[in-house]
Engineer: 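Pasting a structure below so you can have a look.
Position 1 is the first residue of the sequence, and the numbers go up from there. Counting starts at 1 for both ligands and their atoms, in listed order.
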Amino acid sequence: MTQVPTLRLATRDDIEAVVALHQAAAAKPDGLARRPDEVTRDYVEHALTAPGAVSIVAVGPDGSIWGEIHGRRESVALFAHVLSSLTVAVHPDRQGLGIGSSLFEALIAHARTMDPPILRIELAAGAGNPGAVRLYERLGFRQEGRQVSRGRYPDGRLEDDILMGLLL
Ligand SMILES: CC(C)(COP(=O)(O)OP(=O)(O)OC[C@H]1O[C@@H](n2cnc3c(N)ncnc32)[C@H](O)[C@@H]1OP(=O)(O)O)[C@@H](O)C(=O)NCCC(=O)NCCS
């Protein structure tokens, strides 16, 4: 039988486990922008606890973290209705089971409750990650633009970023 994780808001106590999760996801190519050594405790602590930060974790029955999504309200008043800096990771052993979709649905539901209101969620996805782009389109995100050669891999390969937005 397929095990279903529990989704809840992350807390400071989740930092170490979220670091390990993102490092495991980052070890696979063409996924997260950060390399494993760039997934630092400071990065995760900021993602989970900075002002305006929202982080949701998917927790397995044994208490281990299978997935995490985070974003942050923009701090400049003109953009304060925007949730940005979005990053999502599901553990490589748990991908393709609906956890990423559930995390997004929970984040979107949470964003709808935020006060002052969040009216827009935005993200960027590497053009070399078409599975992720398809997933975001299924969730209602629209492609809004393209940043040409925004990413550069160690072998010199350049990759465009696809900018996507969801209006609430
Ligand atoms: C992208 C990711 C968050 C999706 O979560 P998930 O739980 O695997 O996704 P779901 O099971 O809810 O949805 C499945 C869809 O996600 C996408 N997907 C599935 N596995 C994926 C993988 N390993 N990498 C990228 N996208 C994947 C596909 O579009 C898939 O739909 P399809 O079957 O029609 O191709 C997850 O695979 C992951 O953490 N990948 C590595 C990190 C990453 O790419 N982060 C996003 C950077 S923009």
Side-chain angles (χ1 to χ4, degrees), residues 1-10 14-41 43-44 46-48 53-72 74 82-111 120-155 157-166:
M1 198 178 81
T2 308
Q3 293 178 311
V4 178
T6 303
L7 269 57
R8 61 162 172 79
L9 288 169
D14 297 314
I15 291 173
E16 305 300 341
V18 173
V19 170
L21 164 75
H22 278 258
Q23 286 179 341
K28 283 186 55 172
D30 297 327
L32 292 173
R34 281 186 167 70
R35 298 184 317 230
D37 62 301
E38 293 173 316
V39 179
T40 61
R41 192 182 193 286
Y43 158 64
V44 172
H46 191 254
L48 267 57
V54 182
S55 165
I56 295 172
V57 284
V59 185
D62 63 353
S64 62
I65 292 190
W66 291 356
E68 190 266 348
I69 190 168
H70 61 256
R72 195 162 58 250
E74 289 279 332
V82 178
L83 193 71
S84 64
S85 303
L86 213 81
T87 300
V88 59
V90 172
H91 191 281
D93 296 344
R94 306 274 175 190
Q95 291 174 5
L97 300 174
I99 297 171
S101 305
S102 305
L103 284 166
F104 261 98
E105 283 158 10
L107 183 84
I108 293 165
H110 181 82
R120 172 184 165 83
I121 303 177
E122 64 187 23
L123 59 79
N129 197 350
V133 172
R134 251 194 333 270
L135 169 65
Y136 304 151
E137 285 181 328
R138 270 206 299 271
L139 289 158
F141 284 81
R142 294 223 176 133
Q143 296 194 30
E144 296 180 332
R146 197 171 181 104
Q147 291 179 308
V148 177
S149 298
R150 171 117 164 89
R152 183 169 179 270
Y153 288 96
D155 63 4
R157 184 168 48 99
L158 294 164
E159 183 182 87
D160 297 353
D161 249 1
I162 297 175
L163 304 177
M164 304 186 76
L166 172 70

Engineer: State, to 0.1 Å, how close R72 and S85 come at their nearest heavy-atom pair, and which atoms those are.
Structural biologist: NH2-OG, 3.7 Å
Engineer: Can you tell me which portion of S101 lies within the under-4.0 Å heavy-atom range of ligand 1? Options are side chain, backbone, both, or neither.
Structural biologist: both
Engineer: By number and element, which atoms of ligand 1 are closer than 4.0 Å to a non-hydrogen atom of G31?
Structural biologist: 43 (C), 44 (O), 47 (C)
Engineer: Could you list the atoms of ligand 1 found under 4.0 angstrom from a heavy atom of A132?
Structural biologist: 26 (N)
Engineer: Could you grab the distance from atom CH2 of W66 to atom CZ of R94, nearest 0.5 Å is fine?
Structural biologist: 4.0 Å
Engineer: Which residue and non-hydrogen atom of the protein lie closest to atom 39 (O) of ligand 1, and at what distance in Å?
Structural biologist: V90 N, 2.7 Å
Engineer: Measure the distance from atom 42 (C) of ligand 1 to every protein heavy atom, then report the residue, atom name and distance (to 0.1 Å) of the closest one.
Structural biologist: L32 CG, 3.8 Å
Engineer: Are the side chain of E122 and the backbone of S84 linked by a donor-acceptor contact shorter than 3.5 Å?
Structural biologist: no
Engineer: Check side-chain contact (heavy atoms from CB on, under 4.5 Å) between A25 and all other residues, then give those that pass, not counting sequence neighbours.
Structural biologist: L32, A89
Engineer: With sequence neighbours excluded, tell me which residues meet side-chain contact (heavy atoms from CB on, under 4.5 Å) with I15.
Structural biologist: R12, V19, R41, V44, E45, L48
Engineer: Do me a favour and list the nearest non-hydrogen protein atom to atom 40 (N) of ligand 1 with residue, atom name and distance?
Structural biologist: Q95 NE2, 3.4 Å
Engineer: Among all protein heavy atoms, pick out the one at the shortest distance from atom 44 (O) of ligand 1; state its residue, atom name and that distance to 0.1 Å.
Structural biologist: N129 ND2, 2.9 Å
Engineer: State whether the shortest distance between N or O atoms of V88 and N or O atoms of ligand 1 falls below 3.5 angstrom.
Structural biologist: yes
Engineer: Nearest 0.5 Å please: distance from the CG atom of L139 over to the CD atom of E105.
Structural biologist: 6.0 Å
Engineer: Please lay out, stage by stage, how L107 and L83 fare under the test side-chain contact (heavy atoms from CB on, under 4.5 Å).
Structural biologist: CA-CA 10 Å; L107 183 84; L83 193 71; 4.1 Å; yes
Engineer: I'd like to know if the side chain of E159 reaches the main chain of G128, judged simply by a donor and an acceptor atom lying under 3.5 Å from each other, with no hydrogens or angles considered.
Structural biologist: yes
Engineer: Return yes if some donor-acceptor pair links the side-chain N/O of E68 with the main-chain N/O of S55 below 3.5 Å, else return no.
Structural biologist: no
Engineer: Under a 3.5 Å cutoff, is there a donor and acceptor pairing between the side chains of Y43 and E38?
Structural biologist: no
Engineer: Could you list which atoms of ligand 1 come closer than 4.0 Å to a heavy atom of G98?
Structural biologist: 10 (P), 11 (O), 12 (O)
Engineer: Measuring from atom 5 (O) of ligand 1, which candidate in A125, A124, G100 has the nearest non-hydrogen atom?
Structural biologist: G100
Engineer: Run down the list R138, R34, R134, R94 and name the one with the heavy atom closest to atom 15 (C) of ligand 1.
Structural biologist: R138
Engineer: In terms of atom number and element, which parts of ligand 1 are under 4.0 angstrom from non-hydrogen atoms of G131?
Structural biologist: 17 (C), 26 (N), 28 (C), 29 (O)
Engineer: Should you measure from each heavy atom of L97, which atoms of ligand 1 turn up under 4.0 Å away?
Structural biologist: 11 (O)
Engineer: Can you tell me which portion of Y136 lies within the under-4.0 Å heavy-atom range of ligand 1? Options are side chain, backbone, both, or neither.
Structural biologist: side chain
Engineer: Do the side chain of S102 and the main chain of G98 share a donor and acceptor less than 3.5 angstrom apart?
Structural biologist: yes
Engineer: If you have a sec, work out which protein heavy atom is nearest atom 4 (C) of ligand 1 and how many Å separate them, to one decimal?
Structural biologist: L135 CD2, 3.5 Å
Engineer: Could you see which bit of L123 sits under 4.0 Å from ligand 1, with heavy atoms only: side chain, backbone, both or neither?
Structural biologist: neither
Engineer: Specify whether the nearest protein heavy atom to atom 33 (O) of ligand 1 is under 4.0 angstrom away.
Structural biologist: no
Engineer: Taking only heavy atoms of A89, which atoms of ligand 1 are found under 4.0 Å from at least one of them?
Structural biologist: 39 (O)
Engineer: Considering only heavy atoms of G96, which atoms of ligand 1 have at least one such atom less than 4.0 Å away?
Structural biologist: 6 (P), 7 (O), 8 (O), 11 (O)
